[in-house]
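In what follows, chains are A, B, ... by sequence order, proteins preceding strands, each numbered from 1. What you are looking at is a predicted structure, and each value in this text was computed from that prediction instead of being measured.
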Amino acid sequence: MSHLLNNKELKELGKIYDWVSMCTHCGNCKYGYEYGSNSNFAAMLCVQGDKFNFDSYRGSRGKVSLARSLLHNRIGWSDKVAHVLFTCTSCGACQQMCETDIKPWILRMFEALRYEAWKQNVAIPENIKAWSSTIGTLYNPYKEPHEKRLDWLPSDVRSSLPRKAEYIYFAGCTASYRRKQLARATVSLLQKLKVDFTVVEDEWCCASPLLRTGQYDLAAKFVEHNKTLPEKYGASAFITTCAGCYRTLGRDYMMDAPEGYADKYGKMTGVKVLHTTHLIEEMLNKGEIEFTGSFNKKVTYHDPCHLGRHAEVYETPRNVLKAVPGLELVEMYRNKKFSFCCGAGGGVRGGFADYSLETAGKRVKEAEATGAELVTSACPFCYTNLADAIELSKSPLKMEDIVEIIEPIVRKK
Amino acid sequence: MARGNNEILATLEQIVGPEYVSNEEADLQPYTWDMTWAEPRMPDYVVMPKTVTEIQRVLRLANHRKIPVVPYCNGTNIGGLCVPEEGGIIMDLKKMDRILKIDPETCYAVIEPGVSHAAFSAALKATNPQWKGEEFSKGFEFGWGVHPASASVLAMAINHGIGHLNGRIGVNSQLLSSMEVVLPTGEVAKIGSCAYSDSWHSFLPLPRMDGLFTGWLGTTGIVTKLGVWIFPIRPYRDVLSVAAASAEDITKYMVRWRHYSLCDEVTAVSWWLAQIPITFPYSPKPADEPEFFSYTVISGWSEEELAYKRKIWEEVVAKEKAKGTKLIDFEYPPEAKRGRTELPSRIVGSTKNYSKSCGGGIAWPGTFAPCKSWPILYEKWKEIYIRHGLSPATRFTDYQGAHYGMLRCMTPFNKRDPASVQAARDAMVECVRAGLPEGMLPYKPPVEYQNELNAVADAGYMYLMAKIKDMLDPNNIMNPGKLGIR
Ligand SMILES: Cc1cc2nc3c(=O)[nH]c(=O)nc-3n(C[C@H](O)[C@H](O)[C@H](O)COP(=O)(O)OP(=O)(O)OC[C@H]3O[C@@H](n4cnc5c(N)ncnc54)[C@H](O)[C@@H]3O)c2cc1C
Ligand code: SF4
Ligand code: SF4
């Protein structure tokens with residue numbers, strides 16, 4: 001049996017067929033596993049497979065197989081195909097487990113599949129369609145007016161910020177419109193740490209939701225626009241508290257395929273992208289931060305997929321938490337490269353809210369099992385989903401972002 | 001697009017619940033193929049039962065309506081064994097994933113079909129051998145292969161799977177101790193000690209009816225629970241290695257060494273199998289490289305025990321060298337050594353070694369053969385492989401003493417190229433044909449090998465096999481087409 005590329009219509013998918021065809025259908029991607037003298041880990045990591053059962057939903061194998069079935073003209077497009085594609089949270093656990101040459105291309109392949117799906121008459125989740133129809137003019141997926149993007153920022157603070165600075169604090173859409181207190185806490189933290197930064201009124205969505213849902217054409221102007229900001233504001237770096245923005249600015253804007261989209265949108269150069277935890281860790285290491293109080297709680301850290309598996313930032317947030325006086329850090333069973341997604345990514349929170357919250361509920365249960373009083377993370381999007389699940393399940397857990405833990409108890413030495 | 005028939009779909013939905021059945025092509029497509037050359041075939045339904053009763057009801061329906069049923073766990077068997085030759089129902093058993101019992105005193109465990117190697121190895125490692133509360137050592141093990149972590153232990157064991165203890169205690173189907181099975185006509189039967197009490201420790205001294213369900217490739221019933229023997233993890237392990245200039249020489253060494261029954265495993269891999277990934281297409285071996293590399297794993301309860309085994313091994317190597325056997329010293333790569341001593345491990349096996357970047361195809365003539373035939377067949381296979389542009393990535397492994405062992409040639413091929421697929425299939429079928437007169441028998445055989453087997457089998461054996469199959473599965477619903485007898 002040969003696997004011939006019969007369907008030439010699917011251009012984006014066809015372009016990466018060389019890698020797609022490297023999948024052996026082995027199924028390593030369906031389960032998280034590590035064994036050895038120091039490790040003994042086995043757990044389901046695929047959010048989608050955990051919920052929807054069949055092999056079509058489990059790990060990348062189901063989706064690679066789907067891509068091949070479509071490319072070989074063995075099956076046609078259907079609403080079910082769209083369901084398989086859009087219920088994956090792009091958490092990257094399957095990519096983590098794969099060992100063949102398709103590995104680095106897996107997430108790119110999911111996005112290419114979704115790109116193709118938009119061109120078919122299939123049931124793209126209504127809510128994704130809804131925000132997609134306005135994002136081009138509102139520059140955020142929350143259907144909020146762009147003029148209100150900076151409403152979270154107290155006017156006195158706003159007027160105190162310089163127009164040009166070393167860093168642009170890129171708050172992102174979720175913090176700007178839905179988690180305003182996190183954006184405010186970040187600004188307060190940066191001020192306390194005497195960081196030379198500014199906040200810009202013409203920040204647009206980083207394009208993460210567009211890229212993750214395969215809306216390549218719509219994403220172009222967002223990438224092009226945001227890329228111009230550093231020069232405009234004399235900045236040499238973006239700093240962000242959002243894992244999604246971090247991944248998008250730091251990888252999609254800056255790296256070649258398959259890690260990024262420089263092949264489509266050109267490469268952003270001469271600019272650094274930092275997550276807030278990077279900056280805090282660096283200052284801690286240099287001895288520039290002094291704690292003015294303690295945080296006497298048992299805390300567990302949820303790895304945002306966009307910061308963890310997508311960008312391999314695992315230790316930085318933990319190092320920051322470990323430095324906090326009084327804070328006891330405990331790990332969930334599934335952590336770091338074997339973390340379990342909060343259920344919000346890949347457009348799933350918007351597209352399938354109930355399933356997304358059900359997944360977050362599973363994660364909350366896992367956090368509860370550690371005996372922690374509080375779950376923390378480094379992403380406002382994870383925050384939203386986990387906090388909603390905590391509320392829904394009446395969990396005794398509290399939720400705070402790392403920045404919110406740190407901000408009240410630090411000053412620059 | 002949906003397949004099958006709405007009435008059957010509705011009945012299946014009633015049995016397992018609507019979320020555990022689908023007839024949508026998008027859900028069916030991952031079950032149409034595997035890594036081998038097997039022609040893709042669309043099933044009509046996939047069901048995911050959660051209980052034995054659900055399995056019984058599905059089988060009764062299928063038997064009544066004469067619908068094929070293919071038992072499926074993860075489809076990683078490297079034989080096209082779950083590709084639904086005649087469509088029908090894929091019975092995906094992953095939801096039945098409970099480890100029902102680990103008895104740390106009698107040293108057996110009872111598992112359901114969906115228990116993965118990953119989950120089972122983690123659970124066994126966390127259980128300590130003991131007697132009346134007194135713990136003797138840390139952790140249990142089973143015969144771990146180098147499968148994808150998601151692969152089913154049960155599916156592997158009932159199909160004569162191969163694990164890292166095969167030199168010490170044989171292939172994994174020799175470690176079975178009891179089973180529960182649903183017959184194609186819907187009845188449930190317990191086999192072994194579990195038929196009499198809740199002790200799942202042994203098939204003996206009863207008639208070995210488990211043989212009706214082991215090695216049958218899912219064509220005689222659905223095994224729903226399996227008792228397997230488990231073994232205390234020996235805390236000391238080492239890997240000893242030696243290479244040789246020819247298959248003949250490495251076999252001489254292996255036969256002498258395994259004579260003492262001191263190792264957990266002794267394996268030799270040809271130069272091509274030692275390459276990561278296997279060279280594809282074929283390229284010649286550098287003249288100064290050994291033809292075969294061999295490793296043997298020794299284990300023990302103390303450093304002294306290990307030292308003793310090492311000493312005997314050194315004597316074996318010295319004796320063979322003195323006789324003129326061309327053995328070459330070489331150091332086993334540290335990463336692979338770690339993998340071998342910390343099994344189960346994804347380091348030593350896994351698809352990255354076999355098919356990292358050749359175009360998705362993997363298959364093998366995987367066979368059990370008398371060790372005597374290894375060097376003879378290697379030379380034949382090598383010629384066949386090179387003629388077809390493939391690397392003779394061959395493995396010899398001894399099973400439990402002197403009786404027989406594995407002869408296998410792991411074969412990557414490019415699924416995007418029809419000529420490559422054809423060449424791989426032709427080469428492998430030719431290898432099987434060449435091996436049968438030497439006593440070689442393929443395991444987990446694809447249909448093409450089964451046809452070769454059947455063509456030369458004893459007529460009485462074929463008659464008995466067909467009779468058993470007819471008796472158990474009168475409507476031939478179970479994985480039809482795989483045995484080549486109906
Ligand atoms: C890279 C790689 C390395 C491998 N290494 C090894 C190795 O070292 N040793 C080894 O033994 N194998 C190895 N295999 C083969 C395979 O992974 C194992 O045999 C595996 O355990 C099969 O599990 P599965 O879940 O994929 O079974 P499946 O492929 O789903 O099923 C295998 C067969 O069992 C039947 N079956 C499944 N469940 C039942 C049931 N409950 N009742 C009756 N019949 C049933 C199926 O119909 C099929 O015929 C390897 C495979 C790969 C891809
Ligand atoms: S990205 Fe995550 S949810 Fe999607 S298939 Fe992979 S493991 Fe499953
Ligand atoms: S995506 Fe990777 S791990 Fe998954 S089946 Fe394909 S090769 Fe195996």
Quiz prompt | Option that, when pairs with chain B are counted at under 4.5 Å, heavy atom only, ranks first among A/Lys103, A/Arg58, A/Met44, A/Lys63 | solution =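 The residue among A/Lys103, A/Arg58, A/Met44, A/Lys63 with the greatest pair count is A/Arg58.
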Practice problem: For chain B, find which of A/Val84, A/Val20, A/Val64, A/Asp18 contributes the most heavy-atom pairs closer than 4.5 angstrom. | Solution: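 When all of A/Val84, A/Val20, A/Val64, A/Asp18 are compared, A/Asp18 has the most.
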Can you tell which part of [X] gets under 4.5 Å to a heavy atom of chain A, answering side chain, backbone, both or neither?
X        : answer
B/Val21  : backbone
B/Ser22  : both
B/Tyr20  : both
B/Leu124 : neither

Please classify the contact between [X] and chain B as side chain, backbone, both or neither, with a heavy-atom cut-off of under 4.5 Å.
X       : value
A/Trp77 : backbone
A/Phe52 : neither
A/Val81 : both
A/Asp79 : neither

Quiz item: Side chains of A/Tyr33 and B/Ser121: is there a donor and an acceptor less than 3.5 Å apart?
Solution: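 Yes.
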If you count every heavy atom of other residues, nucleotides or ligands that lies below 6.0 Å from [X] atom [atom1], does the total exceed 12?
X        : atom1 : result
A/Glu9   : CD    : no
A/Lys119 : NZ    : yes
A/Lys129 : NZ    : yes

Quiz item: What residues of residues 347-355 of chain A sit under 4.5 Å from chain B when only non-hydrogen atoms are counted?
Solution: none
Quiz item: Taking the side chain as C-beta and beyond, is there a heavy-atom pair between A/Ile75 and B/Met42 under 4.5 Å?
Solution: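 The answer is yes, as the side chains (C-beta and beyond) meet within the 4.5 Å cut-off.
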Quiz prompt | Side chains of A/Lys30 and B/Asn74 in contact at under 4.5 Å (non-hydrogen atoms) | solution = yes
Testing the basics here: between [X] and [Y], what is the closest heavy-atom pair and its distance to 0.1 Å?
X        : Y        : answer
B/Met1   : A/Gly76  : CE-CA, 4.4 Å
A/Ser65  : B/Pro30  : OG-CA, 3.5 Å
B/Met35  : A/Thr24  : CB-O, 3.0 Å
A/Asn40  : B/Ala122 : OD1-CA, 3.1 Å
A/Ser56  : B/Asp27  : OG-OD1, 2.6 Å
B/Pro148 : A/Cys26  : CG-O, 3.2 Å

Quiz item: Do any N or O atoms from the side chain of A/His25 and from the backbone of B/Thr36 form a donor-acceptor pair under 3.5 angstrom?
Solution: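 Not a single qualifying donor-acceptor pair exists.
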Self-check item: Side chain A/Ser69, main chain B/Gln29, donor-acceptor under 3.5 Å
Solution: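 Not at all, since once roles are kept as given, no pair shorter than 3.5 Å links the two residues.
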Quiz item: Taking only residues two or more places apart in sequence or in another chain, which ones pass salt bridge (charged side-chain N to carboxylate O under 4.0 Å, His left out) with B/Lys94?
Solution: A/Asp55, B/Asp92
Can you tell me how far [atom2] of [Y] sits from [atom1] of [X], rounded to the nearest 0.5 angstrom?
X       : Y        : atom1 : atom2 : result
A/Tyr35 : B/Glu141 : OH    : CD    : 7.0 Å
A/Lys51 : B/Glu19  : NZ    : CD    : 7.5 Å
A/Arg61 : B/Ser150 : CZ    : OG    : 7.0 Å
B/Lys95 : A/Asn53  : NZ    : CG    : 4.5 Å

Exercise. Measure from NZ or CZ of A/Arg74 to the centre of the six-membered ring of B/Trp33, then state whether that distance is under 6.0 Å and the direction lies within 45° of the axis.
Key: no
